[in-house]
There are 2 protein chains.
Amino acid sequence: MEKKSIISKITEAGLKKTKYRVNIIDLLEKSNTLLSAQDIHTQLIKNKTKVNLSTVYRTLDKLTENGIINKVDIEQEKQSLYEYNRDEHHHFLICKNCNKIETIYNCPLHDYEQEIMKDSGFYITGHKIEFYGYCKECQKSLNISSL
Amino acid sequence: MEKKSIISKITEAGLKKTKYRVNIIDLLEKSNTLLSAQDIHTQLIKNKTKVNLSTVYRTLDKLTENGIINKVDIEQEKQSLYEYNRDEHHHFLICKNCNKIETIYNCPLHDYEQEIMKDSGFYITGHKIEFYGYCKECQKSLNISSL
DNA sequence: CATGCAAATGCAAACCGTTTGCATTCATAT
DNA sequence: ATATGAATGCAAACGGTTTGCATTTGCATG
């Protein structure tokens with residue numbers, strides 16, 4: 001993503017443009033994996049951007065509040081993870097062996113939610129699914145026959 | 001559940017029968033809500049069973065490892081919660097207003113999992129769903145029209 | 001019933017990801 | 001150019017959970 005549109009993301013949210021916000025959005029937008037606050041901190045330091053870990057946390061909070069990024073809490077991960085928000089509903093496939101996290105973009109729950117609402121009276125506004133299992137590579141190395 | 005069958009649960013798992021294990025299983029089996037380690041500790045103290053919090057944690061770990069209870073991590077809850085394992089596949093409805101957690105017992109994901117496995121090559125062994133929204137009572141108090 | 005051994009427990013301290021209070025610096029509206 | 005509130009750095013606190021170690025307990029065995 002160009003720097004311009006990163007900056008407009010920030011200002012449109014009513015936030016001040018700071019180098020950390022720009023850098024962190026950029027990092028997340030470019031990353032093809034979920035990143036923890038620590039990961040991001042390490043990356044920034046590596047890129048010669050000295051920054052305090054607590055600033056990273058505060059930045060991530062602000063960006064999450066404003067819908068620019070998503071905070072993702074995965075069951076067995078101790079650290080919260082973050083991703084750039086591309087406004088695409090998705091869920092994660094979590095490998096129990098190598099801990100790799102894959103993303104899937106279709107979701108079958110819409111009809112089912114209607115059904116639950118009718119049956120239970122609970123008004124559903126969102127959901128989260130995590131699938132656990134073994135990725136292609138680990139199936140081979142662990143000798144798991146998938147189908 | 002009678003005390004006898006609690007004890008056989010413990011011994012069948014190859015664990016020593018201790019008063020804490022018996023009491024904690026009993027508590028969870030009787031509870032109609034999920035309980036945290038703290039909740040359980042408080043309950044035991046209230047029932048005149050002096051016990052250390054770290055023992056509660058160790059007991060819950062052991063019982064979880066042996067499939068007698070389930071550990072449940074809910075997104076915004078800081079503490080892990082525990083429930084007696086009734087071997088019924090289920091998911092939770094989490095009220096964003098009062099934080100009450102309801103349980104639902106049917107699940108539409110089986111067919112969908114087959115599809116994902118075929119499409120992605122990822123071998124799925126389990127999943128977790130959380131639904132967020134508003135329970136019946138909170139819909140009234142917050143004036144949310146559900147349908 | 002006595003005994004030995006591994007497992008379970010209590011206690012205090014550590015752990016670790018995250019948050020917070022406060023003084024300083026910075027972004028931006030005027 | 002400047003004033004003002006927001007953002008940052010730093011160190012310390014927080015809080016749920018884990019751990020090391022000395023002591024106690026459950027239970028298999030004789």
Side-chain angles (χ1 to χ4, degrees), chain A residues 3-4 6-25 34-45 47-66 68-82 99, chain B residues 3-4 6-25 34-45 47-66 68-82 99:
Chain A
K3 195 164 177 187
K4 240 196 224 168
I6 292 181
I7 293 173
S8 60
K9 278 253 171 193
I10 295 174
T11 52
E12 277 161 27
L15 298 175
K16 288 188 180 171
K17 184 207 108 198
T18 70
K19 56 179 170 179
Y20 302 135
R21 287 177 182 165
V22 174
N23 284 340
I24 290 177
I25 293 175
L34 298 167
L35 299 177
S36 68
Q38 263 301 348
D39 293 337
I40 291 167
H41 184 246
T42 306
Q43 285 285 342
L44 291 176
I45 299 293
N47 299 350
K48 318 256 192 250
T49 307
K50 189 166 171 289
V51 60
N52 195 275
L53 181 56
S54 67
T55 300
V56 173
Y57 275 109
R58 283 192 271 227
T59 304
L60 291 170
D61 280 353
K62 266 282 183 303
L63 297 179
T64 302
E65 274 170 32
N66 287 281
I68 297 171
I69 64 174
N70 300 322
K71 184 176 184 176
V72 178
D73 289 299
I74 298 281
E75 177 117 355
Q76 55 280 65
E77 297 276 343
K78 290 184 181 176
Q79 303 181 220
S80 290
L81 302 176
Y82 298 85
N99 299 314
Chain B
K3 195 165 177 188
K4 241 196 223 168
I6 293 181
I7 293 173
S8 60
K9 279 254 172 192
I10 295 173
T11 53
E12 277 161 28
L15 298 174
K16 288 187 180 171
K17 184 208 108 199
T18 71
K19 57 179 169 179
Y20 303 134
R21 288 177 181 165
V22 174
N23 284 341
I24 288 176
I25 293 174
L34 298 166
L35 299 177
S36 69
Q38 263 302 348
D39 292 338
I40 290 167
H41 184 246
T42 306
Q43 284 285 341
L44 290 176
I45 299 294
N47 299 350
K48 316 255 193 255
T49 307
K50 188 166 170 290
V51 61
N52 194 277
L53 182 56
S54 66
T55 301
V56 174
Y57 275 108
R58 284 193 270 229
T59 304
L60 291 169
D61 280 353
K62 266 281 182 305
L63 297 179
T64 302
E65 274 170 32
N66 287 281
I68 297 172
I69 65 175
N70 299 322
K71 184 175 182 175
V72 178
D73 289 299
I74 297 281
E75 178 116 354
Q76 53 279 67
E77 297 275 343
K78 291 185 181 176
Q79 303 182 220
S80 290
L81 301 177
Y82 298 85
N99 299 313

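Every chain is numbered from 1 and lettered A, B, ... according to where its sequence line falls, protein lines coming before strand lines.
- We find the CD1-OH distance between A:I69 and A:Y82 to be 6.5 Å, quoted to the nearest 0.5 Å.
- In this structure, the side-chain contact (heavy atoms from CB on, under 4.5 Å) partners of B:T49, at least two apart in sequence or on a different chain, are B:Y20, B:N23, B:L44, B:N47.
- Secondary structure note: stems in DNA chain C built from 3 or more consecutive Watson-Crick or G-U wobble pairs under 3.5 Å occupy C:1-30 with D:1-30.
- Atom OH of A:Y82 and atom P of C:dG17 are 13 Å apart (whole Å).
- Distance CD (B:E77) to P (C:dG17): 21 Å, rounded to an integer number of Å.
- A straight line from CG of B:L60 to P of D:dT17 spans 10 Å, rounded to a whole angstrom.
- A:N99 is linked by a side chain to side chain donor-acceptor pair (under 3.5 Å) to nothing, counting only residues two or more places apart in sequence or in another chain.
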Distances for protein N/O vs nucleotides 25-30 of chain C N/O pairs under 3.5 angstrom?
unit_1: C:dT28; atom_1: OP1; unit_2: A:K17; atom_2: N; d: 3.0

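- Atom pair B:E12:CD and D:dC27:P shows a separation of 14 Å (rounding to whole Å applied).
- Non-hydrogen atoms lying under 4.0 Å from DNA chain C are contributed by A:L53, A:S54, A:Y57, A:R58, all within residues 49-59 of chain A.
- Rounded to the nearest 0.5 angstrom, A:I24 CD1 and A:T55 OG1 are separated by 8.5 Å.
- Checked against side-chain contact (heavy atoms from CB on, under 4.5 Å), A:S54 has the following partners two or more places apart in sequence or in another chain: A:N52, A:R58.
- Qualifying side-chain contact (heavy atoms from CB on, under 4.5 Å) partners for A:K17, counting only residues two or more places apart in sequence or in other chains: A:I7, A:V22.
- Phosphate proximity of D:dG16 to B:S80: absent, as no side-chain N or O sits under 4.0 Å from OP1 or OP2.
- Rounding to whole angstrom units, CG of residue B:L44 and C1' of C:dG10 are separated by 15 Å.
- C:dG17 atom P lies 14 Å from atom CD1 of A:I40, rounded to whole Å.
- Taken to the nearest 0.5 Å, the NE2 atom of A:H41 stands 5.5 Å off from the CG atom of A:L53.
- The side chain to side chain donor-acceptor pair (under 3.5 Å) test applied to B:D61 returns no partner, not counting sequence neighbours.
- Residue B:I7 contributes atom CD1, which lies 12 Å from atom P of D:dG26 at whole-angstrom precision.
- Taking atom CG of A:D39 as the reference point, atom C1' of C:dG17 lies 13 Å away to the nearest angstrom.
- In this structure, B:K71 and A:G14 both approach DNA chain D, and ranking their closest nucleotides by distance from the 5' end singles out A:G14.
- Applying the salt bridge (charged side-chain N to carboxylate O under 4.0 Å, His left out) criterion to B:E65, with sequence neighbours excluded, gives no partner residue.
- Applying the side-chain contact (heavy atoms from CB on, under 4.5 Å) rule to B:S36 yields the partners B:Q38, B:D39, B:Q79, B:L81; only residues at least two apart in sequence or on another chain are considered.
- The CD atom of B:E12 lies 11.5 Å from the CG atom of B:N66; values are rounded to the nearest 0.5 Å.
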